[in-house]
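Being a predicted model, the structure only gives us computed values, none of them experimental. Chain A is the first sequence line, chain B the second, and so forth, proteins listed ahead of strands; every chain is numbered from 1.
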Protein chains: 2
Amino acid sequence: MMAARGLDALLLSTEAEVRYFTGYLTQFWQSPTRPWFVVVPKSSKPIAVIPKIGAACMGRTWVDDIRTWASPDMVDDGVSLLAETLREVASKDGKIGLPMGHETHLRMPLADYDRLRGMLGGLNFIDATAIVRNLRMVKSEAEISKIAHVCQMVSNAFDQAPRVFNVGQSETDIFRAFKTECLGQGVDDVSYLVGGAGAGGYGDIISPPSARVVEKGDVLILDTGCTFDGYFCDFDRNFAFGDVTDFARRAYDAVYRATEAGFGAARPGATCADLFLAMQRVMNDAGALGSEVGRSGHGLGMQLTEWPSLTVQDKTVLKTGMVITLEPGMTFAPGKVMVHEENIVIRDDGAELLSRRAQQELPVIG
Amino acid sequence: MMAARGLDALLLSTEAEVRYFTGYLTQFWQSPTRPWFVVVPKSSKPIAVIPKIGAACMGRTWVDDIRTWASPDMVDDGVSLLAETLREVASKDGKIGLPMGHETHLRMPLADYDRLRGMLGGLNFIDATAIVRNLRMVKSEAEISKIAHVCQMVSNAFDQAPRVFNVGQSETDIFRAFKTECLGQGVDDVSYLVGGAGAGGYGDIISPPSARVVEKGDVLILDTGCTFDGYFCDFDRNFAFGDVTDFARRAYDAVYRATEAGFGAARPGATCADLFLAMQRVMNDAGALGSEVGRSGHGLGMQLTEWPSLTVQDKTVLKTGMVITLEPGMTFAPGKVMVHEENIVIRDDGAELLSRRAQQELPVIG
C-alpha cells in the first residue's frame, strides 16, 4: 500500500497507531507531556523515536531500532531526532504518509509539526489514513480472540446484574459495583463506563453517573468498554427496576429486533450502509422519533470505536475478520432513548457474536 | 490575557481544554471518531460546537450556546459549523488563539484543520498555549479539594497493601487487587496504574503488569492516577517482599530525602528548576547513576500530568494554588530504578501535602 502511493515512510504519533505497529502497550499515554513517534520505512522494520522513559518498555517489543531523547525538553522535544530519522529513510523530495483523515489526529504540538516540516524542506507530508484504516479494520485471529475474551468476561459481569444492582442505590454506587464486578471477572481495566437511569427511560448515553438514587419504574443503561491486553469490548445492557412501562418494553423490543436485522445483514460484501438501513427500517416501523447517536454501530479493537461507521454515508464493504458493534438506538418518547449494542466479527459465511446475546425482553430487577 | 494578545477568540479541542472552559465531563472522549470544539469569544460566554450526541450532557453545564451537528459526518464533520461560529465572533482579519505549544495537540483531523483555515481566509491562527497554561496551572480551592479527596482515598488504599499484596501473586493479580481496593475506597476510576516488581528492584515504571509471580526479595512499585469528579491524584508507593537488599533500602532513603528537600524548597517564588536541583543534589550525593524519567515532578489536575515540569530548564515560578507532584527518581544499580512521589499544593507560606506521606523506610511485606 505504501508503494502504491509512492511513500518513503509512514509517520505515526497516537497510542493506537504506535501500538499497532510496535506492540508497545502502556497507560503512560495518559500523560500528555511527551510526544511519541514511530516511523515505518518502506522497506525495513519500524523505528521508534521516543522519550527515554519508554526505552525499557519498548525494548520488550519486536522493534530493534529504538531512538530516544531526554524528554520533556522545552527546547527540542524530539523534533530534530525525528527529522534526522525521516531524512535517513526518505529521499530528498520524498513523501511521508501521515494520518490526516477522519477519526485521526496528530499527537504532537502543532508548533513542533511546523518546525519539523521546516527542517525537512523538500519532503512532502501526505494523508495516509487509508493505509492505516485498511490495515486496522481487518483483525487477525489473535486480535479477535482478545476481543472475544473481554466480551465474555463482561457478559459474565452483566449476568450478575440482578445480584449487584438494586433500587435505592445511587447511579454512582451502581457504576462502582459494576466496575468491581468486571475486574473480578478478569478484565484489565474498565476504561469506559457511561449511561444512567431515568423514570421510564434514560435521556442520554454518554454521561457519568449522578448521585440520583434509582427508583422503581426506572430504566437503566450501562454501556461499557473494558479492555483485555489492550483490546476493547463495547456493548451495553438495559435493565428495568420494578414496574416497566409498555413504552419502554416496546422500545427495547424494537432495538432488539433491529440488532437481529443488522446481524442478519452482516456478511462479507455487505456495506456499512446496508447494515444501517436494515436496522433503521425496524426502528422506523416501530415508530422511532429519530436518534442522537449519529450511527448504528462502528469498528472495535484497540480503541473503543474505530472505523468504519454504520451510517448511510459509509459505503465500506465488510470483509472477513472485521470486528464491529451493532448499536441501534432510537428516541421513543420526548427525551427518552433506547440503545442496544452487541459485538460481532464478520466470518466467511456471516456474522458471529462476540458478546453473549442480550435477553429478548427488557430484564426487570426486583 | 486574550485582550493583551489581541485575540478575538480561543479555539479548544481536547478533553481537558473543553472541560476546563465548560465543565463538560464524560468518558466519551475514549472514542476518537468525533471532534469536539469550544470557542471562547473575547467578550462573551463559551460556545460549544459539538456532535449532537453530546447535547444533553453539555446542556447540564453552564454553557448556553450549544451548536450541534449530526456526527460522524464523512463529508463535513463539524468544519463548516465551526467556521461559521468563528466568523461570527471574529473580525475578518482577526486572530484566533489555539494551543500549539508544549504538552498540547489539536484533536481534529489535520485535513479538516486545513479546510477550516481555507474557509476562514483572512483569519490568523496563533499559539495560545500560554493563556491556557497560565489559567490551568493555578487551581481553585474547589479543584484542590477534589485532588486532595482522591489523594486521601488512594492513601487509604495503599495502607491496605500488607493485607492485599502477597508473595505468590502475579503482578496482574496485584494490580487487579489494588484497583478493586481503590474503587472500594471511593475513587471514580483507576485511570492509570503502572509499575512492576523485580528482584532487588524494578527496571521501569511505565509498564503494564506482567504474569510474573512476585517472590521474596522483590521490590514492587505501583504508580497510580485515580480520579474523583474528573481530577487526578498521581503518586506511587514502593514495597519490598521478605528480605530486602541494603542497596534498595538506601535508594529508598535517598528518594525519600530528596522528596523532603523538594517539599522544603516548594513555596511561592521558587522556580521549578529550584525544586529539581534541591532533589537532584540529594540523589547525586547518594550516588545516583542518572534517571530515565526526564524530570522530578510535574503539575497535576484534570490530567495525570500537566504543566509545569520540574526540570533544570523549566523556570516557571511557583504560585499559591499550584498543585504539583514531587517525583524524584534515580537509577541506583544497572537496570534498577527507585522512584518516589507525593502530591502537594503550594500555599502562601510553603507546601502542603495532599497525599499522605509515605513511610520513611521501605515498607516490607511478609
Side-chain angles (χ1 to χ4, degrees), chain A residues 16 25-28 30-34 51-57 70-75 77 98 100-111 127 176 179-180 183-184 188-194 203-208 225 292-295 298 303-306 309 311 313-314, chain B residues 16 25-28 30-34 51-57 60 70-75 77 98 100-111 127 176 179-180 183-184 188-194 203-208 225 292-295 298 303-305 309 311 313-314:
Chain A
L25 176 65
T26 169
Q27 287 187 322
F28 196 62
Q30 279 277 356
S31 168
T33 301
R34 302 171 183 82
K52 205 194 267 188
I53 193 173
C57 191
S71 178
D73 184 326
M74 255 66 82
V75 180
D77 219 10
L98 188 67
M100 300 179 180
H102 206 253
E103 309 213 11
T104 75
H105 68 268
L106 177 67
R107 191 187 175 280
M108 75 185 286
L110 270 187
D127 185 18
R176 185 167 294 122
K179 287 172 191 174
T180 305
L183 287 169
D188 289 341
D189 283 291
V190 187
S191 301
Y192 181 74
L193 182 63
V194 295
D204 82 294
I205 59 155
I206 68 166
S207 290
E292 310 290 293
V293 178
R295 57 181 178 179
H298 51 79
Q303 288 172 293
L304 178 73
T305 77
E306 298 184 354
S309 285
T311 67
Q313 279 179 335
D314 194 328
Chain B
L25 176 65
T26 170
Q27 288 186 322
F28 196 62
Q30 280 275 356
S31 166
T33 301
R34 302 171 183 82
K52 205 193 267 188
I53 193 173
C57 191
R60 289 191 287 276
S71 178
D73 184 326
M74 254 67 82
V75 179
D77 218 10
L98 189 67
M100 300 178 178
H102 205 253
E103 310 213 12
T104 75
H105 68 268
L106 177 67
R107 191 186 176 280
M108 75 185 285
L110 269 187
D127 184 17
R176 186 167 293 122
K179 288 172 190 173
T180 305
L183 287 169
D188 290 342
D189 283 290
V190 186
S191 301
Y192 182 74
L193 182 63
V194 296
D204 82 296
I205 59 157
I206 67 165
S207 290
E292 310 291 291
V293 178
R295 58 181 177 177
H298 51 78
Q303 288 172 294
L304 178 74
T305 76
S309 285
T311 66
Q313 279 179 335
D314 195 328

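The aromatic rings of A:His105 and B:His105 lie parallel to each other, their planes meeting at an angle below 30°, with 60° marking the opposite boundary.
Only the side chain of A:Leu98 comes within contact range of chain B, with heavy atoms under 4.5 Å apart. Only the backbone of A:Val190 comes within less than 4.5 Å of a heavy atom of chain B; no side-chain atom from C-beta onward does. Contacts between A:Met74 and chain B at a heavy-atom distance below 4.5 Å involve backbone atoms as well as side-chain atoms. Using a 4.5 Å cut-off between heavy atoms, A:Thr311 touches chain B through its side chain atoms alone. With a 4.5 angstrom heavy-atom cutoff, A:Gln303 touches chain B only via side-chain atoms.
Applying side-chain contact (heavy atoms from CB on, under 4.5 Å) to A:Leu110 and the options B:Leu110, B:Asp127, B:Thr104 leaves one that passes, B:Leu110.
When every heavy atom of A:Pro208 is checked against every heavy atom of B:Cys57, the shortest pair comes out as CD-SG, 4.5 Å. Closest approach of A:Arg176 to B:Asp188, counting heavy atoms only: NH2-OD1, 3.7 Å. Taking each heavy atom of A:Leu304 and B:Gln30 in turn, the nearest pair found is CD2-CB, 3.7 Å. Counting all heavy atoms, side chain and backbone alike, A:Pro72 lies closest to B:Gly294 at CD-O, 3.9 Å.
You'll find the side chain of B:Thr33 reaches within 4.5 Å of the side chain of A:His102, heavy atoms only. With a 4.5 Å cut-off on side-chain heavy atoms, B:Val293 and A:Lys52 do not count as touching. Two residues are said to be in side-chain contact when any heavy atoms from C-beta on lie closer than 4.5 Å; B:Arg60 and A:Asp204 meet this criterion.
Chain A forms more heavy-atom pairs under 4.5 Å with one residue of B:Asp77, B:Thr305, B:Thr180 than with any other, namely B:Thr305. Contact tally against chain A (heavy-atom pairs below 4.5 Å) for B:Gly184, B:Gly101, B:Gly203, B:Ala70: the top residue is B:Gly101.
Going from atom CD of A:Glu306 over to atom OG of B:Ser31 covers 10.0 Å, rounded to the nearest 0.5 Å. The distance from the OG1 atom of B:Thr26 to the OH atom of A:Tyr192 is 5.5 Å, given to the nearest 0.5 Å. Rounding to the nearest 0.5 Å gives a distance of 10.5 Å between CD1 of B:Ile206 and CG of A:Leu25.
A donor-acceptor contact shorter than 3.5 Å is absent between the side chain of A:Glu103 and the backbone of B:Pro32.
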